[in-house]
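A, B, ... follow the sequence lines: proteins, then strands. Residue 1 opens every chain.
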Amino acid sequence: MGGVIVETEAYEPDDPASHSFGGKTRRNATMFGPAGRLYVYRSYGVHWCANVVCGEDGVGAAVLLRAIEPMHGIDVMRARRRVADERLLAAGPGRLTQALGITAVYDGVEIALRNRLQQSVASGVQLVRLRGRVNVVMSPRIGISRATERPWRYSLAGSSFVSRPRPRA
DNA sequence: GTATTGATCTTCT
DNA sequence: GAAGATCAATACA
């Protein structure tokens, strides 16, 4: 399964909205590990959310994956999500993990960084560099109550696959 | 179209 | 005991 990442949010340690703000716990331990791993946590006791760990080892920064435009394995994602509309397959962090089949067992796995899409990678997760230029819109992050003024939500301009179609500038 | 609510995990008070 | 980086179902306008 896979697709083009069209929406993300940034979280860093000096950030009251970040899980890493209060220091290391059992849940967020992966955030404080080396960059390039997947940080998966349970959201509202119901959903899984997936992040890419960033920054120096031990810092506690990550990027939340909020939406993808489905490209590969669409039939599998449809079966998992039980929705016909492609725009709703992975528009939102909880929907994205459900479509991709990401659960707690993926917490801490190393993400294979590639310039081209591979048939398969050992960890099961690969991040492929997108070639060319795209227009990205910055806006306030969603679903948080602290540090709401930081415009750290990044979405692909004009994409109909983001979790909220019209991000406020 | 907006508003409300239940699902019930993890952390913090 | 409360709140949270959410979603889907339901009730209304």
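Checking the phosphate oxygens (OP1, OP2) of C:dT6, a side-chain nitrogen or oxygen of A:R66 falls inside 4.0 Å. OP1 or OP2 of C:dA5 has not a single side-chain nitrogen or oxygen of A:S18 nearer than 4.0 Å. Within the 4.0 Å cut-off from OP1 or OP2 of C:dC7, not a single side-chain nitrogen or oxygen of A:R81 is found. OP1 and OP2 of C:dA5 both lie 4.0 Å or more from every side-chain N or O belonging to A:S43.
At a threshold of 4.0 angstrom between heavy atoms, the contacts of A:I144 are confined to the sugar-phosphate backbone, with no base atom among them. Among the atoms of the strands shown, none is found under 4.0 Å from any heavy atom of A:R141. Counting any heavy atom pair closer than 4.0 Å across all strands shown, A:G45 reaches a base atom.
With a 4.5 Å cut-off on side-chain heavy atoms, A:L100 and A:M77 count as touching. Side-chain contact between A:T97 and A:T103: absent, with no pair of heavy atoms (C-beta onward) separated by less than 4.5 Å.
The CG atom of A:L89 sits 19 Å away from the P atom of C:dT6 (whole-angstrom rounding). Atom CG in A:N28 sits roughly 17 Å away from atom P in C:dG4 (whole-Å rounding). Regarding A:Y44, its OH atom lies at a distance of 16 Å from the P atom of B:dT10, rounded to whole Å. Straight-line distance from the CG atom of A:D85 to the P atom of C:dC7: 15 Å, rounded to whole Å. In this structure, the CG atom of A:L88 is 14 Å from the C1' atom of C:dT6, given to the nearest Å. For the pair A:Y39 OH and C:dA5 C1', the computed distance is 9 Å after rounding to whole Å. What separates CH2 of A:W48 from P of B:dT8 is a distance of 14 Å, to the nearest Å. We find that CG of A:L64 is positioned 16 Å from P of C:dG4, with the value rounded to whole Å.
Under the 4.5 Å side-chain heavy-atom criterion for Ile, Leu, Val, Met, Phe, Trp and Tyr, A:L127 and A:V136 are members of distinct hydrophobic clusters.
When the shell of 6.0 Å around CD of A:Q126 is examined, it contains more than 12 heavy atoms from other residues, nucleotides or ligands.
Remark: A:R141 does not engage A:E149 in a salt bridge, criterion side-chain N to carboxylate O under 4.0 Å.
When distances run from any side-chain atom of A:C49 to the nucleotides B:dC9, C:dT6, B:dA7, the shortest one goes to C:dT6. Side-chain proximity of A:Y41 to C:dA5, B:dT11, C:dT6: nearest is C:dA5. Considering only side-chain atoms of A:M31, the nucleotide from B:dT10, C:dA5, C:dT6 that sits closest is C:dA5. In this structure, the nucleotide among C:dG4, B:dT11, C:dC7 sitting nearest to the side chain of A:R95 is C:dC7. Considering only the side chain of A:R27, B:dT10 comes nearest among C:dG4, B:dT10, C:dC7.
A:Y11 qualifies as a stacking partner of the C:dA5 base, centre to centre under 5.5 Å and near-parallel within 30°.
Taking the six-membered ring where the residue is Trp, the centroids of A:H19 and A:Y11 are separated by 6.0 Å or more.
Stem list for DNA chain C (at least 3 consecutive Watson-Crick or G-U pairs, distances under 3.5 Å): B:1-7 with C:6-12, B:9-12 with C:1-4.
Rounding to the nearest 0.5 Å places CE of A:M31 at 9.0 Å from CD of A:E12. Atoms OG1 and CD1, on A:T148 and A:I142 in that order, are 12.5 Å from each other to the nearest 0.5 Å.
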